[in-house]
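Only one structure is covered here, and it is reproduced in the block below.
Quick note on labels: first sequence line is chain A, next is B, and so on, each numbered from 1.
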2 protein chains.
Amino acid sequence: MFRGIFHNSIDDKGRMSIPARFRDQIQNNHTTPLVLTLGFDQCLFLYPSDTWQKIEEKLSSMDSLNSEVRQFQRTVMKATDEVEMDQQGRIVISPVLRKEAGIAKNVVIVGLLNRVEIWDKQKYESYHAQTSQTLELMGQKLSDKGIQDINF
Amino acid sequence: MFRGIFHNSIDDKGRMSIPARFRDQIQNNHTTPLVLTLGFDQCLFLYPSDTWQKIEEKLSSMDSLNSEVRQFQRTVMKATDEVEMDQQGRIVISPVLRKEAGIAKNVVIVGLLNRVEIWDKQKYESYHAQTSQTLELMGQKLSDKGIQDINF
DNA sequence: AGGAACTTCAGCACTTTTCCCCACTTTCCA
DNA sequence: TGGAAAGTGGGGAAAAGTGCTGAAGTTCCT
């Protein structure tokens with residue numbers, strides 16, 4: 001599982017350093033190449049390829065006679081890219097993905113369970129500003145909806 | 001289980017000594033690295049990674065197509081960090097976490113069952129000042145609400 | 001078709017931050 | 001009261017991150 005938050009930047013050539021901790025983790029516990037895809041809420045999801053493969057399998061198993069499923073599949077795969085780390089541990093983020101995610105120069109990189117999320121710094125801040133509720137309150141809402149609670 | 005209360009301080013580099021008793025306990029009964037996260041009531045929760053892993057598994061199993069679930073996951077992981085003890089038994093608390101928990105220099109470290117809590121000294125004192133009821137009264141309240149009692 | 005210029009990519013090197021080790025002070029216990 | 005262990009502070013080395021330079025491939029123009 002990926003944990004922690006990092007503030008990095010993207011150079012003129014669209015390259016971004018993967019935080020060293022994630023780098024090691026990927027090399028020790030996962031397979032390369034990495035898969036970069038446009039995720040929810042206008043940020044990028046970065047997966048090791050073995051993790052991504054499971055998601056693709058699920059995508060494949062969805063009912064493709066359903067037009068909403070087809071649309072979902074196409075929209076996901078449209079914005080999915082394979083990336084390799086260079087010797088300095090950097091990846092290139094394509095102009096398309098950068099644009100889709102509104103990424104300028106400064107990014108926030110967050111370890112989020114089985115994936116790494118890459119956010120434009122400003123977008124990240126406004127996301128969390130909008131959703132600034134206490135953890136207690138969020139937990140309560142989920143609990144009210146019948147979503148299983150978590151005991152800390 | 002962690003027990004006891006300690007008063008330590010944080011140096012200019014954001015380092016804090018783990019009380020020796022907890023240190024030994026972690027090394028004997030648990031796995032490193034440690035996981036530090038913003039908990040309830042503005043204090044930090046410190047878990048051995050094996051304990052934390054169970055929480056992460058629950059988080060992972062939630063439905064990530066639901067935007068409120070994503071928000072909850074992100075809010076938890078946003079303020080979650082992996083930390084290693086140095087040879088002196090200290091951990092580094094990141095500026096982000098220090099800010100979120102309002103930690104200045106003096107901290108109170110409390111063993112709380114399966115976790116260790118780290119409080120800013122002032123916050124700790126005002127928390128207990130506000131909630132200064134007798135134990136008998138608290139127990140009565142819980143009992144009245146139908147929350148299972150504890151037999152001492 | 002050859003050459004030049006531009007674009008693209010990768011490696012190198014510098015700077016900043018982080019980590020690690022050593023030494024000092026304080027507290028606790030015998 | 002002395003010794004040991006715990007906690008604190010600072011300095012140096014290593015690594016992480018980022019900008020820069022150089023090489024290679026491609027395209028366009030003559």
Should A:Arg23 be listed as having a side-chain N or O under 4.0 Å from OP1 or OP2 of D:dG17?
-> yes
Backbone N/O of A:Ile91 and side chain of A:Arg15: donor-acceptor pair under 3.5 Å = no
Of the nucleotides D:dG9, D:dG17, C:dG11, which one has an atom closest to the side chain of A:Ser17?
-> D:dG17
Is any side-chain N or O of A:Lys13 under 3.5 Å from a base N or O of D:dT21, one able to act as donor and the other as acceptor?
-> yes
Rounded to whole angstrom units, what separation is found between the CG atom of B:Asp24 and the P atom of D:dG7?
-> 10 Å
Between D:dG10, D:dG7, C:dC12, which one does the side chain of B:Asp12 approach most closely?
-> D:dG10
Under 4.0 angstrom between B:Gln87 side-chain N/O and C:dC20 OP1 or OP2 | no
Quick note, A:Arg90 side chain, CB onward, closest among C:dC21, D:dA16, D:dG19 is D:dG19
Which nucleotide in the set C:dG11, D:dG17, C:dC22 lies at the smallest distance from any side-chain heavy atom of A:Ala20?
-> D:dG17
Within 45° of the ring axis of A:Tyr127 and under 6.0 Å from its six-membered ring centre, is that where the NZ or CZ of B:Arg74 lies?
-> yes
Please say whether the positively charged group of B:Arg70, taken as NZ for Lys or CZ for Arg, lies over the ring of A:Phe40, i.e. under 6.0 angstrom from the six-membered ring centre and within 45 degrees of the axis.
-> yes
Round to the nearest Å and state the distance from B:Met85 atom CE to D:dA6 atom P.
-> 13 Å
Does B:Arg15 make a side-chain donor-acceptor contact with the base of D:dG10, cut-off 3.5 Å?
-> yes
